[in-house]
2 protein chains.
Amino acid sequence: MISGKFAITIHILTLLHKFPNDYLSSEFIAGSINLNPVLVRKEIANLKAHHIVESKEGKNGGTKLAVNAAELTLKQIFEMTFETIGLGFAKNQPNPDCPVGKNINQHLENLYSEMNQKVSLQLEGISLEDFSNQF
Amino acid sequence: MISGKFAITIHILTLLHKFPNDYLSSEFIAGSINLNPVLVRKEIANLKAHHIVESKEGKNGGTKLAVNAAELTLKQIFEMTFETIGLGFAKNQPNPDCPVGKNINQHLENLYSEMNQKVSLQLEGISLEDFSNQF
DNA sequence: AAATTTGTAACATATTTTATTACAGTATGA
DNA sequence: TCATACTGTAATAAAATATGTTACAAATTT
């Protein structure tokens with residue numbers, strides 16, 4: 001659910017990092033992303049579950065970063081958004097009576113797993129602070 | 001169109017490599033992938049446009065590999081299936097009046113571009129023959 | 001000529017993603 | 001204490017994308 005999850009999440013976190021002293025409302029954040037506030041709150045719910053942010057309900061409520069941006073890596077964000085690098089699988093179960101069909105998904109998984117390792121290594125080297133400081 | 005494009009294409013090519021002397025019908029290939037033959041023909045059309053395979057119409061027609069499997073890399077297949085590694089973008093144009101919204105897509109593109117380089121390097125080192133010989 | 005296959009278009013269905021509406025619960029502050 | 005402005009979440013709707021089906025002309029073989 002939500003395919004631009006990573007992009008949206010990093011956008012949210014960048015905003016929170018830019019306003020470290022404020023509780024930002026989902027409406028404000030949604031205005032920057034140009035996205036429905038409910039979807040912003042859903043992504044924030046995910047961040048909260050990972051203790052990356054904290055929110056305050058009620059008037060003047062909102063959300064605030066709860067971790068050190070220098071210590072939060074893009075890899076962690078990547079993993080929190082349930083993303084996996086890969087080039088996809090065919091939708092249907094391939095034919096188990098065909099030697100190729102029987103094994104293709106396993107071989108693709110192996111390939112994609114290597115890709116993930118490479119990408120993870122890269123993302124591990126970039127912190128939210130690094131990313132945010134580009135702006 | 002077709003999201004398992006890469007997986008389907010490499011499945012097709014692996015089959016063609018396994019039967020180098022036959023023209024395989026879209027129906028036969030579809031039976032291994034468990035996919036509609038029309039969709040197989042669509043992917044084959046893409047491969048034909050890149051001169052990777054040749055087909056023969058009419059009775060006993062079908063498709064056959066037209067290149068050396070040792071010289072066709074997964075990177076080429078990746079590119080032919082129009083895939084790009086990345087973690088996606090938010091669907092809507094972000095707010096251009098917000099310093100973060102204004103620039104986030106550019107920064108994401110830069111990040112994804114690096115990811116592509118890393119992944120391409122990996123895929124460049126694997127030929128269709130390598131992949132197929134695992135089976 | 002009959003049979004079989006590609007190529008392609010048009011349309012239908014399914015799945016996934018995004019958007020909207022609604023409203024209960026919570027904190028703020030006038 | 002009451003109006004206001006938020007979060008949290010569910011339910012539903014709409015839009016976008018992916019996959020599947022049907023149909024049939026054109027090509028080739030036997």
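Proteins come first, then strands; the chains are lettered A, B, ... in the order of their sequence lines, and each starts at number 1.
Residues B/Asp130 and B/Ser127 bring a donor and an acceptor atom of their side chains to less than 3.5 Å of each other. B/Glu109 and B/Asn105 are not linked by any side-chain donor-acceptor pair at a separation below 3.5 angstrom, with hydrogens and angles left out of the test.
One distance of note links CD1 of A/Ile8 with CD1 of A/Ile44; it measures 11.5 Å at 0.5 Å rounding.
B/Ser26 comes within 4.0 angstrom of sugar-phosphate atoms only, judged by non-hydrogen atoms across all strands, and of no base. Note on A/Asn60: only backbone sugar-phosphate atoms sit closer than 4.0 angstrom, heavy atoms only; bases stay farther off.
Counting to the nearest Å, the P atom of D/dG8 and the CG atom of A/Leu47 are 11 Å from each other. One atom, CD of B/Glu57, and another, P of C/dT8, lie 8 Å apart when rounded to the nearest Å. Atom-to-atom, CZ of B/Phe82 to P of D/dT17 comes out at 16 Å; the value is rounded to the nearest Å. Atom pair B/Phe89:CZ and C/dT17:C1' shows a separation of 17 Å (rounding to whole Å applied). Following rounding to the nearest Å, A/Leu39 (CG) and D/dT9 (C1') show an atom-to-atom distance of 13 Å. Rounded to whole angstrom, the span from the CG atom of A/Leu35 across to the C1' atom of D/dA15 amounts to 14 Å. Atom CZ in B/Phe6 sits about 17 Å away from atom P in D/dA18, given to the nearest Å. For the pair B/Ile33 CD1 and D/dA18 P, the interatomic distance rounds to 17 Å; values are reported in whole Å.
Between A/Phe19 and A/Tyr23, the distance from one ring center to the other does not fall under 6.0 angstrom.
Comparing B/Thr63 and B/Ala90 by the nucleotide of DNA chain C that holds the closest heavy atom to each, the one mapping nearer the 5' end is B/Thr63. Projected onto DNA chain C by closest heavy-atom contact, A/Val38 and B/Arg41 fall at different nucleotides, the more 5' of which corresponds to B/Arg41. Nucleotides of DNA chain D nearest to A/Gly58 and B/Pro37 differ in position, and the one nearer the 5' end is that of A/Gly58.
Candidate nucleotides C/dA27, D/dT28, C/dT6 were compared by shortest atom distance to the side chain of B/Lys59, and D/dT28 ranks first. Among the nucleotides D/dA11, D/dG8, C/dT6, the one closest to any side-chain atom of A/Lys42 is D/dA11. Here the side chain of B/Lys91 is nearest to one of C/dA19, D/dA27, D/dT19, namely C/dA19.
At C/dA19, one or more side-chain N or O atoms of B/Asn92 fall inside 4.0 Å of OP1 or OP2 (strictly under the cut-off). The shortest distance between the side-chain N/O atoms of B/Asn36 and the OP1/OP2 oxygens of D/dT19 is not below 4.0 Å.
For the pair B/Lys5 and B/Phe82, the cation-pi test (distance below 6.0 Å, angle within 45°) is passed.
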